[in-house]
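Below is one structure, written out as structure tokens; comments come after it.
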Number of protein chains: 2
Amino acid sequence: MRNVNERELPGTGRGRIDKRSAILDAAVKVFTREGYAQAGIDAIAAAAGVAKPTLYNHFGDKENLFRVVMRDGAERTANRIVAALASLPDDGQDLAAELERVAHRVVECQLSDEGWALQRLLYAEASRLPDLYDQVVARGSQPVQDVLAGRLSSLANRGHLDLDDPAVAAAQFIALVSGNLPGLSALGTRPVAPADLATAVRTGVDTFLRAFGTPRRRPARRP
Amino acid sequence: MRNVNERELPGTGRGRIDKRSAILDAAVKVFTREGYAQAGIDAIAAAAGVAKPTLYNHFGDKENLFRVVMRDGAERTANRIVAALASLPDDGQDLAAELERVAHRVVECQLSDEGWALQRLLYAEASRLPDLYDQVVARGSQPVQDVLAGRLSSLANRGHLDLDDPAVAAAQFIALVSGNLPGLSALGTRPVAPADLATAVRTGVDTFLRAFGTPRRRPARRP
DNA sequence: CTGAAACTGAACTCGCGAGTTCAGATCGGA
DNA sequence: TCCGATCTGAACTCGCGAGTTCAGTTTCAG
């Protein structure tokens with residue numbers, strides 16, 4: 001049998017390609033498909049095309065592997081959303097349409113298989129691994145809210161929005177726009193009709209603008 | 001030893017008191033404390049003061065027991081919330097304060113240990129038991145939204161709110177008022193400072209009234 | 001009083017999965 | 001060419017937990 005150093009067989013997966021990232025990719029898939037408890041180390045190793053001891057060499061144990069997977073996933077998702085937010089222009093041109101466009105992108109990240117799965121995994125294990133929750137928030141939702149708050153603040157400064165507190169507005173924007181998603185997609189276990197999605201986003205943005213749109217006066221604060 | 005039909009010893013739990021409900025009570029506690037996978041049938045039986053075969057006689061297997069627990073829990077929680085909503089008056093007297101009061105009650109149900117635990121369990125097992133999700137929604141969130149929509153609609157008919165669609169407004173009210181809860185309480189794993197809770201509720205109601213309060217005109221629909 | 005139904009407790013089966021061990025293969029670098 | 005690090009595969013340990021079995025007990029209706 002001649003040596004096969006010129007190419008790796010994809011299935012068997014021998015060679016010096018990054019075992020570590022292969023394991024992480026496989027772990028994401030298996031964890032998100034099966035859940036933490038149901039996911040088997042054997043299955044992950046097999047999916048990664050790697051021997052079990054290799055996996056243990058890299059990650060120590062199952063729980064630690066899970067932590068790394070969650071942190072990476074949160075960061076990846078957050079980066080995608082932040083990139084989408086960065087494309088929100090500062091001039092108030094067609095503000096409603098722009099907000100809808102951005103909201104769509106944000107919402108799509110949550111609707112992705114990975115997004116939902118990460119959220120479910122986080123909920124499921126939050127009480128067992130409270131520190132993990134903090135880390136995921138720090139790398140995930142926090143930066144998203146901060147960036148969004150910044151954009152909204154820009155718009156407010158130029159008179160296109162009427163806000164008291166950009167951070168609150170950012171949180172409420174996200175709540176309004178994605179509050180219906182769990183129901184629509186049954187926590188991500190069912191596909192969402194694009195029309196339903198569009199409606200959800202539109203009504204969310206509508207209400208946001210009813211509250212914070214600039215042509216309108218805001219109601220007097222109650223005593 | 002004289003007969004003890006006048007009273008059961010609470011600890012040992014012998015006698016004809018409802019074994020079934022004793023098991024359910026214990027199951028709620030153990031499932032919510034440990035999560036589905038970690039919860040042991042032995043632990044549940046022990047907590048219920050019941051022998052394992054009795055448990056299996058009543059519920060067949062672990063998964064079915066879990067289903068019953070979740071359905072019951074959803075119904076119980078929904079009933080509490082609905083009761084709170086029913087106390088929302090129809091006259092617009094001090095509308096903001098009344099909305100806040102109701103929102104507080106709604107939010108407290110989600111903040112309760114059982115509320116959070118049920119939500120985490122639902123998220124965790126939704127992909128494995130999709131039908132369960134439907135049932136929980138049908139007995140849990142759906143009635144709540146319907147009742148709330150009814151109350152809001154009443155208020156709108158009397159000119160105290162300015163709504164297009166009461167169902168949408170109800171969903172958005174809940175989203176605005178409880179959107180911050182996961183972050184505040186770290187998915188229910190940490191206590192929430194009453195002041196933070198009050199702020200979250202107040203800002204949610206504020207924004208809701210900015211969007212739907214009656215003195216204001218609603219922004220023109222965009223093309 | 002009696003017999004059926006429900007309950008008990010303890011021991012048992014059985015499969016699963018996390019983590020380990022080890023002898024050998026493979027690779028990169030010097 | 002050779003060393004050390006890394007990877008492999010397969011077999012193994014070990015504990016855990018779901019579900020069962022069974023012989024004996026309690027309860028209650030008739």
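As a basis for the values below, the full set of heavy atoms in this structure was taken, side chains included, without hydrogen atoms, waters or symmetry mates. All figures in this text were calculated on a predicted structure; none of them were measured in a lab. To find a chain, count down the sequence lines: A is the first, B the second, and so on, and within it residues start at 1.
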field: Nearest-Å distance for atom pair CG/P, residues D42(A) and dA11(D)
entry: 13 Å

message: Measuring from the side chain of T54(B) (C-beta onward, heavy atoms only), which nucleotide among dG19(D), dC7(C), dC7(D) has the closest atom?
response: dC7(C)

message: Under 4.0 Å, counting only non-hydrogen atoms across every strand here, what does A39(B) touch: a base, just sugar-phosphate, or nothing?
response: sugar-phosphate

Sort me out a list of protein N/O and nucleotides 20-23 of chain D N/O pairs below 3.5 Å, or just none if empty.
none

query: For the pair made of CD1 in I44(B) and P in dG19(D), what is the distance, rounded to whole Å?
result: 11 Å

field: Salt-bridge criterion met for R190(A) and D134(B) (N-O under 4.0 Å)
entry: yes

message: In whole Å, I'd like the distance from the CD atom of E63(B) to the C1' atom of dG19(D).
response: 14 Å

- request: Please name all residues satisfying side-chain hydrogen bond (donor to acceptor under 3.5 Å, both in side chains) with D113(A), sequence neighbours left out, ordered by chain then number.
  value: none

message: Just so I know, are the side chains of V68(B) and R20(B) near enough to count as touching, which here means a heavy-atom distance under 4.5 Å?
response: yes

message: Does this structure show an ion pair linking E75(A) with R71(A), if we count only N-O contacts that are shorter than 4.0 Å?
response: no

task: Please say whether the positively charged group of K62(A), taken as NZ for Lys or CZ for Arg, lies over the ring of Y36(A), i.e. under 6.0 angstrom from the six-membered ring centre and within 45 degrees of the axis.
output: yes

message: Any carboxylate oxygen within less than 4.0 angstrom of a Lys/Arg side-chain nitrogen, looking at R76(A) and E114(A)?
response: yes

- prompt: To the nearest Å, how far apart are K19(A) NZ and dC27(C) C1'?
  reply: 11 Å

- request: Could you state the atom-to-atom distance from CZ of F59(B) to P of dA18(D) in whole Å?
  value: 15 Å

field: Residues E98(A) and R101(A) bridged, charged N to O under 4.0 Å
entry: yes

Given dT8(C), dC7(C), dC7(D), the nucleotide with the shortest approach to the side chain of H58(B): dC7(C)

message: Expressed as a whole number of angstroms, how long is the span from R20(A):CZ to dC7(D):P?
response: 12 Å

Axis-to-axis angle between the two ends of the helix from dC1(C)-dG30(D) to dA30(C)-dT1(D) (five base pairs per end, rounded to 10 degrees): 20°

field: Of the listed nucleotides dA18(D), dG9(D), dT8(C), the one nearest the side chain of K62(B)
entry: dA18(D)

task: Starting at atom CG of D18(A), determine the distance to atom C1' of dG28(C), rounded to an integer number of angstrom.
output: 15 Å

- request: Measure the distance from CD on Q38(B) to C1' on dG17(C) and round it to the nearest whole Å.
  value: 13 Å

message: Heavy atoms from C-beta onward define the side chain here; which of dG9(D), dT8(C), dG19(C) lies closest to that of A51(B)?
response: dT8(C)

task: Using a strict cut-off of less than 4.0 Å between a Lys/Arg side-chain nitrogen and an Asp/Glu carboxylate oxygen, indicate whether R128(A) and E125(A) qualify as a salt bridge.
output: yes

- prompt: Base, sugar-phosphate, or nothing for N57(A), non-hydrogen atoms under 4.0 angstrom?
  reply: nothing

- request: Would you mind telling me which of dT8(C), dA18(C), dG9(D) lies closest to the side-chain atoms of I41(A)?
  value: dA18(C)

- request: Test D42(B) against I44(B) for side chain to side chain contact (heavy atoms under 4.5 Å, CB included), laying out the working first.
  value: CA-CA 5 Å; D42(B) 292 300; I44(B) 296 174; over 6 Å; no

- prompt: Are the side chains of R120(B) and T189(B) in touch, meaning some heavy atoms are under 4.5 Å apart?
  reply: yes

